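Data first, discussion second: the structure below is written as structure tokens.
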Amino acid sequence: MENARIAEFFSRIADILDIQGENPFRVRSYRNVARIIADLSSNLAELVKEGGDPKQFAGIGESSAEKVAEIVETGRLKFLEELEGKIPKGLTELLRIEGLGPKKVKVLYEDLGVDSVARLEKAARAGKLRELAGMGAKTEENLLKSIEHYRRGVGRFKLSVGMSYAGELVEYLSKVKGVKQLEPAGSLRRRQETVGDLDILAICSAGCEVMDGFVKYDGVEEVIAKGETKSSVRLQGGMQVDVRMLEEESFGAALHYFTGSKAHNVAIRGRAQQRGLKVSEYGVFRVKDDERVAGKSEEEVFGAVGLPFIEPELRENRGEIEAADEGKLPELLKLSDIRGDLQMHTKASDGKDSIETMARKAKELGYKYVAITDHSKAVRVAGGMDEKELAKHLKAIEKANEKVEGIEILKGVEVDILADGSLDLADWVLEECDVVLASIHSRFNMPEEEMTERIVKGISNLNVDIFAHPTGRLILERPAYEVNLKRVFEAAKELGVVMEINAYPDRLDLNDVNARMAKDMGLRISIDTDAHAATQLELMRFGVYTARRAWLEKADVINSYPLKKLLKALR
DNA sequence: GCCGTTTTCGGCCCGACTGTTTTCAGTCG
């Protein structure tokens, strides 16, 4: 069972208890457990089956450990089923509506019988909500807007999309009177694979008009809030943006605070508390006399709680604070460490550019080598090649390699693993290649067991060097296929097969959590763009972001190696 | 519900903005 599915049980408990008005700390505790489980870099169900104890993870106690055991064993949880019997099903869905929290949901249900989004809309349109304590006409209006937003299903955006929105907005705001410095924070700065909204920090001089300028931005569809130091808008397309104005002396504290994650911040604050300190977005203060001890830079803030600087990509409370405390933070991979790209396509299959164009662009990026890896015949829509065509193509690669100076062009292929686990091309032609990537492009919806067998069989072919986009997911579009990754990793470790982080922004596959599990199991990683045009070679940075979120260092990533060492790392 | 170089009980992160109030509760991040 996936960690996400186990986590879901705890989230649902938290939602229901929240609406029932249960002790907020108990509710938080359940939410905390859900998050911890979802973030684990190993499979919890397997760990439990092997006799492991969930209590080893801080935040999971006796009660939750028992619940995990029941879920793993039976696939159900009595406690949750009892809770669900007490309130209508639609009630927890109401919590997803912006502006509605547990207190209002409870009142709406008890006083008006509202138990679904549809009924909420009806009640709001009929002007019934204003009869309730603490609600008025404005509340009705706002909730109707929120319902519309919710129905449109606009929630999260790919990181690449968020970065382009942020870039344009920063460009615009930098021209507003009095704006001295702008810094996007939030999940964007942590390079999370999707972002829900944008947080932009602004340092201003006196008489700054940043808030007025912001709400007048061309792309603004709706102003949600406008204050002196904080405003929120929704852009056309649905993305919410918050801008905060702050003083230079609290910039570091604010940057840290608004970069999050929330879980990281809570942990840092707890740590501060033990030291008699209080952390807010304005700085770090001594509790006894309110004396400010840090705030100008993030280094200062971390220093005040006895820690070295922690890179934004690590701030998920997934062990980074403990590692920092023990001086064991990883030295994260940098984009400038990358010396080559091992997956790209040319006109020979579904790419737009020639071998030579791809190689020259790679050279421009400072790379020492690339692998040309077009599709095999099973991927018909992409113009995949059969053995004869590939053999000819490999000759063309050799020629290009002679022609383009200063970069090594490796002969490669991305060969399909067919439904029965065999490879789409015969061994004789695979043996001619320097780099063979194996991957899956068909029959995604197999049962887990079958898919796992298929993959293990596929990568067992001695010609396979790298398993490409290992889970097949497309962010926000298509879920990963069912596969027991742990078993795939164990087999790959045994066989010496490298796992890929596909850097294409729609894929980022492996993701951060899985890549970290691969590292922990002793596997090595190749970060490849999967470029289908020369300009897409620049997408490497997204793969590096994911690698950094997975705690990867230079030694973990084979395409940071010099050519000779790389060739040794391949089979 | 979780946790413990003050603790097995009594705490648990902190502040801005809104809408409804007339001093504040609810929500959000």
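Atom set for the values below is all heavy atoms of this structure, side chains included, hydrogens, waters and symmetry mates excluded. Fair warning: this is a prediction, and the values are worked out from it, not measured in the lab. Below, read A as the first sequence line, B as the second, and so on, with proteins coming before strands; counting in each chain starts at 1.
- Remark: A:Tyr172 pairs with A:Tyr217 by the ring-ring contact (aromatic ring centres under 6.0 Å, His included) rule, at least two apart or across chains.
- Sorted pairs that involve residues 75-102 of chain A and meet ring pair (Phe, Tyr, Trp, His ring centres under 6.0 Å), not counting sequence neighbours, are lacking altogether.
- By the salt bridge (charged side-chain N to carboxylate O under 4.0 Å, His left out) test, A:Lys216 is found to be paired with no residue, residues two or more places apart in sequence or in another chain being considered.
- For the P atom pair drawn from B:dC17 and B:dT22, the interatomic distance equals 23 Å after rounding to whole Å.
- Within the 4.0 Å cut-off from OP1 or OP2 of B:dA16, at least one side-chain nitrogen or oxygen of A:Tyr282 is found.
- Remark: A:Phe9 pairs with A:Ile71, A:Leu77, A:Leu80 by the side-chain contact (heavy atoms from CB on, under 4.5 Å) rule, at least two apart or across chains.
- When each of A:Glu298, A:Glu313, A:Glu311 is checked for a salt bridge (Lys or Arg N to Asp or Glu O under 4.0 Å) with A:Arg189, only A:Glu298 meets the rule.
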Letter by letter from the 5' end, nucleotides 23-29 of chain B scores (B base, S sugar-phosphate only, - none; protein heavy atoms under 4.0 Å) ---SSSB
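- The shortest distance between the side-chain N/O atoms of A:Lys278 and the OP1/OP2 oxygens of B:dG15 is below 4.0 Å.
- The number of heavy atoms from other shown groups lying within 6.0 Å of CZ (A:Arg76) does not exceed 12.
- Distances shown here put every side-chain N or O of A:Asn265 at or beyond 4.0 Å from the OP1 or OP2 atom of B:dC14.
- Within the 4.0 angstrom heavy-atom criterion, only backbone atoms of the sugar-phosphate kind lie near A:Ser64; the bases stay farther away.
- Here A:Ile60 lies in heavy-atom contact (under 4.0 Å) with sugar-phosphate atoms only.
- Applying the salt bridge (charged side-chain N to carboxylate O under 4.0 Å, His left out) rule to A:Asp199 yields the partners A:Arg244; only residues at least two apart in sequence or on another chain are considered.
- Applying the side-chain contact (heavy atoms from CB on, under 4.5 Å) rule to A:Asn484 yields the partners A:Glu46, A:Glu448, A:Thr452, A:Lys486, A:Arg487; only residues at least two apart in sequence or on another chain are considered.
- In terms of the salt bridge (charged side-chain N to carboxylate O under 4.0 Å, His left out) criterion, residue partners of A:Arg35 (sequence neighbours excluded) are, by chain and number, A:Asp39.
- Residue A:Phe57 is the one, among A:Phe25 and A:Phe57, whose nearest nucleotide of DNA chain B lies closer to the 5' end (criterion: closest heavy atom).
- Remark: A:Lys145 does not engage A:Glu140 in a salt bridge, criterion side-chain N to carboxylate O under 4.0 Å.
- Atom pair A:Glu228:CD and B:dG15:P shows a separation of 18 Å (rounding to whole Å applied).
- Comparing B:dC13 with B:dC2, their C1' atoms sit 16 Å apart, to the nearest whole Å.
- A distance of about 16 Å separates the P atoms of B:dC28 and B:dT20, rounded to the whole Å.
- The CZ-P distance, from A:Arg271 to B:dC3, rounds to 18 Å in whole Å.
- Backbone-only engagement by A:Val279 is indicated by non-hydrogen atom pairs under 4.0 Å involving sugar-phosphate atoms exclusively.
- Heavy-atom nearest nucleotides on DNA chain B were determined for A:Gly61 and for A:Ser280, and the one closer to the 5' end corresponds to A:Gly61.
- For B:dT7, the O4'-C1' to base torsion is within 90° of 0; the nucleotide is therefore syn.
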Would you tabulate the side-chain donor-acceptor contacts of residues 21-28 of chain A under 3.5 Å, counting partners in other chains and residues two or more places apart, or write 'none'?
from: A:Glu22; atom 1: OE1; to: A:Arg26; atom 2: NH1; distance (Å): 2.8
from: A:Asn23; atom 1: OD1; to: A:Phe25; atom 2: N; distance (Å): 2.8

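- With rounding to whole Å, A:Arg31 atom CZ is found 15 Å from B:dC13 atom P.
- Distance, A:Ile36 CD1 to B:dG1 C1': 11 Å, rounded to whole Å.
- Within 4.0 Å (heavy atoms only), A:Thr229 reaches sugar-phosphate atoms of the nucleic acid but no base atom.
- The number of heavy-atom neighbours closer than 6.0 Å to CD of A:Glu331, taken from other residues, nucleotides and ligands shown, is 12 or below.
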Detail all sub-3.5 Å separations between protein N/O atoms and N/O atoms belonging to nucleotides 4-10 of chain B.
none

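- The phosphate of B:dG1 (OP1 or OP2) has a side-chain N or O of A:Ser63 nearer than 4.0 angstrom.
- In this structure B:dT18 sits in a base pair with B:dA25, meeting the Watson-Crick or G-U test at under 3.5 Å.
- What separates CG of A:Leu144 from C1' of B:dG19 is a distance of 16 Å, to the nearest Å.
- Between A:Leu80 atom CG and B:dG1 atom P the separation is 14 Å, expressed in whole Å.
- Between the CD atom of A:Glu141 and the P atom of B:dG19 there is a distance of 9 Å, rounded to whole Å.
- Qualifying salt bridge (charged side-chain N to carboxylate O under 4.0 Å, His left out) partners for A:Arg125, counting only residues two or more places apart in sequence or in other chains: A:Glu121.
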Mind listing the N/O atom pairs, protein and nucleotides 20-22 of chain B, below 3.5 Å?
from: B:dT20; atom 1: OP1; to: A:Gly136; atom 2: N; distance (Å): 2.4
from: B:dT20; atom 1: OP1; to: A:Gly136; atom 2: O; distance (Å): 3.1
from: B:dT20; atom 1: OP1; to: A:Ala137; atom 2: N; distance (Å): 3.3
from: B:dT20; atom 1: OP1; to: A:Thr139; atom 2: N; distance (Å): 3.4
from: B:dT20; atom 1: OP1; to: A:Thr139; atom 2: OG1; distance (Å): 2.9

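- Only the P atoms considered, B:dT5 is 23 Å distant from B:dG1, to the nearest whole Å.
- Between A:Arg28 atom CZ and B:dC3 atom C1' the separation is 13 Å, expressed in whole Å.
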